[in-house]
Amino acid sequence: MSDIGVTTKKSENFSEWYTEVVLKSGMAEYSPIKGCMIFREQSYAIWEKIQEVFNRKIRMMGHRNVYFPMFIPESLLKKEAEHFEGFVPEVAWVTEGGSSKLEEKLAIRPTSETIIYATFAKWIRSWRDLPIKINQWCNIVRWETKATKPFLRTREFLWQEGHTAHSTKQEAEKEVMDILNEYRDIMESYLAIPVLVGVKTESEKFAGALETTTLEAMMPDGRALQMGTSHNLGNNFAKVFGIKFIGEDEKEHEVWQTSWGISTRLIGALVMVHGDDKGLVVPPKVASVQVVIIPISYKNVDSNAILRKAEEILKELKANSISAVCDDRTEYTPGWKFNDWELKGVPLRIEIGPRDLKNKQLTVARRDTYQKVIIKEKEAAKETKTLLEEIQNNLYSKARKTLEEKTTLVKDYREFKKTLKEKGGFLRTSWCGSSECEENIKEETGATIRLRPFTKEESKSNCVCCGRKAVEMVYFARSY
Ligand code: 87F
């Protein structure tokens, strides 16, 4: 096989397959900086789709986009000592400007709570100033020491971070859940990736939060991936930054806050979950090119007529809001083009050859199943729409099935270790609620509690670790 296409099998060496796919499909490129990647056309287009969808959603909920500086003075970052402590080793600093040393060094934002909340303190005086609901799309720098991987762990990445302040606890709680539901919709209905949702344990939550809610997906290699988080910050930051307001009762109160984020990590998840041995498979709802039309003529027979037909179909699809392109390049063979568009993950390919032309039909190939169907030329738009929907649904069901297959109910520690070793995935099991057991399991197996389901699943057995009475069922997994 030529080295243009993917040469590693997904089932044989998952990690190598992943790297090959993201590089060869035109998604990622390595950069001169260790741990920093280039987001190429194929991945940036998906990011823009995610932005489009999420912006629409949060605008509807009343949020507005803003942009804060990427530099955070050291004194400001250190104000929230408790939350900051564990993160110090990951912060990158600017210490010089031009040729002079800065008076105070500046952090390159690892997240923007501190700079945003210092500003909230200036903006908020009375209950009339609330709620504040803002969001920003930006880059983030965290100087990772662990091995990096395109999209999943890089020293610089892109995300959105939402920050809100409310006058009541209830309002903040609702905000956390509303955002979580919109995240879930993006992941499941658009990216076609099913997720488990729930709450982080004390040791896994964001230190600055009262409660961290999370969305977790399962990758084909049996490791979990955190897809997004939505935090209930309570009054924690209000206390540190002095964000107070005079309420309708004319008394002073601290605001209730939330913060939440999703990042370009989602693109990595999409590759892992849907990609195959021929490359990327992009779900139609986030594909910047949904359909590629390839005119096929042999020895120039009918080539003009075929080309005209291809243009006509292209126009027809575009008129019906289907994103299509016609690959009429003459310097490549149809076979080469098939491979190229498959590598890039375009959901549908329409072939138009002499026989199709003669029979007023189109040959359509699905990227997800490689199935080919013949459709009537006249029904191009309608049939294409139906097929795109089917592909979207099929990708989701396949991923859902994998998630279910990779979720195992385990009753004791022996079974826990055996399942983790042989199959990985989510281990649904009983837990006594103690951090000691959680820590012991992590030490011994590398698995952590990914989440506690929202609706407490009562446990009939004892804690998988200590054997004492369990309080609930939780989901463990090794994770990215
Ligand atoms: C790394 C270095 C410094 C995560 C860090 O989850 C600080 C941090 O605060 C840090 N890694 N975090 C937590 C981020 C919390 C929160 N921020 C808004 C989110 C979503 C978006």
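We count ligands from 1, going down the list as the structure has it; atoms in each ligand are counted the same way.
- Side-chain atoms of His231 and Thr212 form a donor-acceptor pair, as typed in the model, at a separation below 3.5 Å.
- No salt bridge links Glu342 with Arg367; every basic N to acidic carboxylate O contact stays at or beyond 4.0 Å.
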Result block: side-chain N/O donor-acceptor pairs under 3.5 angstrom for residues 179-192, not counting sequence neighbours:
| from | atom 1 | to | atom 2 | distance (Å) |
| --- | --- | --- | --- | --- |
| Asn181 | ND2 | Met177 | O | 3.3 |
| Glu182 | OE1 | Lys57 | NZ | 2.8 |
| Tyr183 | OH | Gln160 | OE1 | 2.5 |
| Tyr183 | OH | Gly261 | N | 3.0 |
| Asp185 | OD1 | Ser189 | OG | 2.7 |
| Asp185 | OD2 | Lys57 | NZ | 2.7 |
| Glu188 | OE2 | Val195 | N | 2.9 |
| Ser189 | OG | Asp185 | O | 3.4 |

If you look at each N/O of ligand 1, which protein N/O atoms lie under 3.5 Å away, and at what distance?
| from | atom 1 | to | atom 2 | distance (Å) |
| --- | --- | --- | --- | --- |
| ligand 1 | 6 (O) | Thr229 | OG1 | 3.2 |
| ligand 1 | 6 (O) | His231 | NE2 | 2.7 |
| ligand 1 | 9 (O) | His83 | NE2 | 3.1 |
| ligand 1 | 11 (N) | Arg142 | NE | 3.3 |
| ligand 1 | 11 (N) | Arg142 | NH1 | 3.2 |
| ligand 1 | 11 (N) | Arg142 | NH2 | 3.4 |
| ligand 1 | 17 (N) | Thr111 | OG1 | 2.8 |
| ligand 1 | 17 (N) | Glu113 | OE1 | 3.4 |
| ligand 1 | 17 (N) | Glu113 | OE2 | 2.7 |

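- Remark: Lys456 fails to qualify as a cation-pi partner of Phe454 under the 6.0 Å distance and 45° angle criteria applied to the six-membered ring.
- Figure legend: Arg223 and Tyr480 shown as a cation-pi pair, the cationic atom lying under 6.0 angstrom from the six-membered ring centre and within 45 degrees of its axis.
- Taking the six-membered ring where tryptophan is involved, the planes of Trp159 and Phe157 are perpendicular, since the angle between them exceeds 60° and thus also 30°.
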